[in-house]
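Down below is the structure, laid out as structure tokens.
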Amino acid sequence: MQTIEMRKELTDEWKKRGVTKEKEYAILTDDMTKAWSGLSIKEYKVLKDLKKENLRDNMTNIELVLNMLAEVTTTNISISKEPSTFDQSRNIAKEGGEVAGVES
């Protein structure tokens, strides 16, 4: 499965759970990323000296694999737990990210 398909499955799952605003998708993605990497997306972009570039396009293979693991895990947890609120989805995004988490 390609990275784009995994991300689409996740966003489709979030949409099914009531996530509709771009800001909500961004918050969930940030929660998940921070859980696996220890950095918010903004902090990650600063670390990689990115201005407007896409973070995903500038990840190493290992970073991409960890990110994909977080996305797939988050999708599966969400399907299993069927969250009905945004806060529940946030907790699941963090939980999914922690599965792929890297100890510093």
Side-chain angles (χ1 to χ4, degrees):
M1 181 177 287
Q2 294 179 348
T3 250
I4 295 169
E5 291 172 9
M6 287 182 206
R7 179 65 185 181
K8 181 169 177 359
E9 282 187 10
L10 176 57
T11 57
D12 287 349
E13 173 60 20
W14 283 341
K15 185 176 181 180
K16 186 189 298 184
R17 304 297 169 201
V19 176
T20 58
K21 299 174 186 162
E22 288 297 318
K23 184 175 181 175
E24 292 174 329
Y25 286 104
I27 290 167
L28 293 172
T29 300
D30 198 57
D31 286 343
M32 186 179 56
T33 301
K34 189 165 188 163
W36 76 257
S37 71
L39 300 170
S40 69
I41 291 174
K42 185 177 182 176
E43 292 167 333
Y44 217 142
K45 284 184 161 193
V46 168
L47 177 72
K48 290 189 166 277
D49 196 30
L50 303 176
K51 305 298 182 225
K52 294 184 179 186
E53 302 90 342
N54 183 298
L55 177 58
R56 186 185 298 257
D57 292 342
N58 289 277
M59 287 182 166
T60 65
N61 287 339
I62 291 173
E63 290 168 326
L64 281 170
V65 168
L66 292 172
N67 192 62
M68 291 181 337
L69 176 59
E71 290 176 347
V72 169
T73 304
T74 299
T75 302
N76 289 337
I77 294 169
S78 184
I79 290 168
S80 173
K81 291 188 174 180
E82 299 181 349
S84 58
T85 68
F86 180 69
D87 285 340
Q88 289 172 342
S89 288
R90 283 192 77 180
N91 289 334
I92 289 169
K94 292 172 188 173
E95 187 179 345
E98 287 170 359
V99 169
V102 178
E103 292 294 322
S104 300

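Note: the hydrophobic cluster containing Leu50 also contains Met59 (ILVMFWY, side chain heavy atoms under 4.5 Å, direct or indirect links). Val72 and Ile79 are not part of a single hydrophobic cluster, where members link through side-chain heavy atoms under 4.5 Å apart. In the hydrophobic clustering of ILVMFWY residues, with side-chain heavy atoms under 4.5 Å counting as a link, Val99 and Met32 come out apart.
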Inset, instruction - Run the numbers on Met6 and Leu10 for side-chain contact (heavy atoms from CB on, under 4.5 Å), then give the verdict. - result: CA-CA 6 Å; Met6 287 182 206; Leu10 176 57; over 6 Å; no

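At least one donor-acceptor pair under 3.5 Å links the side chain of Asp30 to the backbone N or O of Ile41. Thr11 contributes a side-chain N or O that, together with a main-chain N or O of Lys8, makes up a donor-acceptor pair within less than 3.5 Å.
Under the rule for a side chain to side chain contact (heavy atoms under 4.5 Å, CB included), the partners of Asp87 that lie at least two apart in sequence or sit in another chain are Thr85, Arg90. The salt bridge (Lys or Arg N to Asp or Glu O under 4.0 Å) check on Lys51 picks up Asp49, with sequence neighbours excluded.
Closest approach of Ala100 and Leu66 over heavy atoms only: CB-O, 3.3 Å. The two residues Pro83 and Ser78 make their nearest non-hydrogen contact at CD-O, 3.3 Å. When all heavy atoms are compared, the tightest approach of Tyr25 to Val19 is OH-O, 3.0 Å. Residues Gly97 and Trp36 share a closest heavy-atom pair of O-CB, 3.0 Å.
For the atom pair Leu69 CG and Thr74 OG1, the distance stands at 9.0 Å (nearest 0.5 Å). In this structure, CG in Asp31 is found 10.5 Å from OG in Ser89, a value given to the nearest 0.5 Å. The NZ atom of Lys34 sits 9.5 Å away from the NZ atom of Lys94 when rounded to the nearest 0.5 Å.
No option in Lys48, Arg56, Met68 other than Lys48 meets the side chain to side chain contact (heavy atoms under 4.5 Å, CB included) test with Glu63. Of the listed residues (Thr29, Asn67, Thr75), just one forms a side chain to side chain donor-acceptor pair (under 3.5 Å) with Arg7, and that residue is Thr29.
The neighbour count for Asn54 CG, taken as heavy atoms of other residues, nucleotides or ligands under 6.0 Å away, is above 12.
Arg17 has a carboxylate O that lies under 4.0 Å from a charged side-chain N of Glu13, or vice versa, which qualifies the two as a salt bridge.
Within the 4.5 Å cutoff, side-chain heavy atoms of Leu28 are placed close to those of Phe86.
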